[in-house]
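Both counts, for ligands and for their atoms, begin at 1 and track the order of listing.
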Amino acid sequence: MITLNDYTPIVGEEVVSQLYRLAERLKGRRFVHINSTAVGGGVAEMLARAIPLLNQLGLETTWEVIMGDPFFFEVTKAFHNGLQGFRVQLTPSMLEHYRQVNLENAKRFAWEADVVMVHDPQPASLIEVLRPQARRWVWRCHVDVSRPHLPVWRFLRKIVRQYDASVFSMPQFAQNLPHPQYLIHPSIDPLSEKNRELTEKEIQTVLYRLGIEKDKPLILQISRFDSFKNPVGVIQAFRLVRRHTPCKLVLAGGEATDDPEGPAILAQVQEAAHGDPDIQVLLLPPDAHHEVNALQRAADLIVQKSTREGFGLTVTEAMWKGKPVIGGAVGGIVLQLRDYHTGFLVQSPEGCAFRIRYLLHRPQLAHRMGQMAREFVRLHFLITRHLRDYLTLLILQANPDRRLVEF
Ligand code: UDP
C-alpha cells in the first residue's frame, strides 16, 4: 500500500509533514465525494487516488457514484456540452428526468457528513433532497465554464447557488454566485500505475502488445473520444506535418460510463484515419493505466489539441514524463503550457503542425522543455498539493468565519 511518506523523496519532507499538521485539525471528520462515474475521465482518476490518502490522514472519506439510465447521461452530457459553450437544447422533460434520477439516487445515500463535495453537474441536484445530511455542501466544477451557453448555466445556477461554496480549476471559470468560490488545480499521482517510472522493457512490451512499431517519431494524443478533445483536428495537423517529416500518430482513448457520445466520435475518428498506415486509433479499456503510461513514455511528442478543457490531466501526465506537449490554448491547458518553456500552445491544426515540426527538428530543445515541464508539474500539479488544498478548504468549511488557514 502506498503511504504518504512514500511521496517524501519526490516533494520533500516539509510538504508531507504539512499535510499531517493540517489533517490534525480535521481528525474524525466525515468527508463524502459524489460523482457520476467510477472509471474513465479525470475526475474518477483523481478521486481514486485521493480517497485512500485522505483516509490515511484521519478523515473518514468515502466516495459515492450516482447511477443513471442512458437518457439521464444524454441529459447530463448536454449540460456538459452547454457549460462548455455548445448551443444545446434542454426540454422540460429532460430537466425533470435529471432531477428524478438524482432523487432515486438520494434514496440510497444514508450517510451523514461534515462536508460533501459534489463533482460536476450530474449529481448537483442531490443537494435539493439531501441537504440535511451534511453540514456543508461544496460544488466542485471540473469543466471549462469560461463561456457557457447561458440557458444551461441559468438552470444549473439555481441548483449551485444552494451550495455553501464552489470550487473551480482556474480563475477564468469563476461565476456570479452568492457564496465563496475557491480555486483548486487538479493533480496527478506520481506513484500511480499511470505515472510511475517504467523500465524500457515494460514500455517495449506494451508497444509490442498494442502493435505499435516505433520506426518513425511517434506523436500521441490520449483522450476520451469527445468532440472537445478535437481528435480529427489532430489528424489534420499530423497530415500537414507528414508532408515533409516522416512520423506516425497514435490516437488512444477509452470510454467513460457517463459519456454517451464516445462511440459516435470514435466512428468519426476511424473514418478520418481510414486507410492511413501511419495513424493508429486505439480503443483502450478503462483500466489501461499501465498502457497509457507506456504510450506517454514511448511518444516523442504529445498533443492535446482540445477546443475546451477543464484542466487536461493528460497534459500533466505527459509533462511529468518529461515530454514536450503541444496543446490547444484553452482552459486549464493554458495553466500548464508556457510557450518555449513547458510546452507550446496552439490555436489551429496549422499552428499545431508548425509546432510539431518545430520540435521534431529540435530534439535538444524538446528535451529541455520536457525537463522544465516535469519540474513545473512537481511544483504545482502533484497530488500532495491537491490534498493540501482539500484540507485547507475543509478547515475553512468547518470554521466558516475564518478567512485564513495557518500551516
Ligand atoms: N484516460 C485513460 N484512458 C483513456 C483516455 C484517458 O486512462 O483511454 C485518462 C487520462 O490518462 C487522464 C484522464 O483519463 O488521467 C483524462 O483526464 P483529462 O483531465 O485529460 O480529461 P477528461 O476526460 O476528464 O475530460
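- For atom 19 (O) of ligand 1, the closest non-hydrogen atom of the protein is L313 N, 2.9 Å.
- For atom 2 (C) of ligand 1, the closest non-hydrogen atom of the protein is K194 NZ, 3.8 Å.
- Because its NZ or CZ atom is both nearer than 6.0 Å to the ring centre of Y358 and within 45° of the ring axis, R362 counts as a cation-pi partner of that residue.
- Between the side chains of E128 and Q162, a donor-acceptor pair is found at a separation under 3.5 Å.
- Nearest non-hydrogen protein atom to atom 21 (O) of ligand 1 is K229 NZ, 3.0 Å.
- Ranking protein heavy atoms by distance to atom 3 (N) of ligand 1, first place goes to V292 CG2, 3.8 Å.
- Interface of E45 with ligand 1, defined as ligand atoms under 4.0 Å from a residue heavy atom, comprises 15 (O).
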R297 and E202: salt bridge (Lys or Arg N to Asp or Glu O under 4.0 Å), yes or no, with the steps?
CA-CA 10 Å; R297 288 179 191 280; E202 285 176 305; over 6 Å; no
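- Two rings, from F381 and H185, have their centers less than 6.0 Å apart.
- Each of the atoms 13 (C), 16 (C), 17 (O), 22 (P), 23 (O), 24 (O) of ligand 1 lies under 4.0 Å from some heavy atom of G42.
- Looking at atom 6 (C) of ligand 1, its nearest protein heavy atom turns out to be I222 CG2, 4.0 Å.
- Of the heavy atoms in V315, none comes closer than 4.0 Å to ligand 1.
- Nearest to atom 11 (O) of ligand 1 among the protein's heavy atoms is E317 OE1, 2.7 Å.
- Residue H289 has no nitrogen or oxygen atom sitting less than 3.5 Å from a nitrogen or oxygen atom of ligand 1, judged on distance alone.
- With hydrogens left out, the protein atom closest to atom 8 (O) of ligand 1 is G254 N, 2.6 Å, a heavy atom.
- Remark: aromatic rings of F79 and F155 are close, center separation under 6.0 Å.
- For R224, a nitrogen or oxygen atom sits less than 3.5 Å from a nitrogen or oxygen atom of ligand 1, counting backbone and side chain alike.
- Between the side chains of H97 and D69, at least one donor-acceptor pair of N or O atoms lies under 3.5 Å.
- Q336 and T316 share a side-chain donor-acceptor pair at under 3.5 Å.
- Heavy-atom distances between G312 and ligand 1 reach below 4.0 Å in at least one pair.
- Checking W139 against D164 by side-chain atom types alone, no donor-acceptor pair falls below 3.5 Å.
- Considering K248, K216, R243 as possible partners of D278, the one that fulfils the salt bridge (charged side-chain N to carboxylate O under 4.0 Å, His left out) test is K216.
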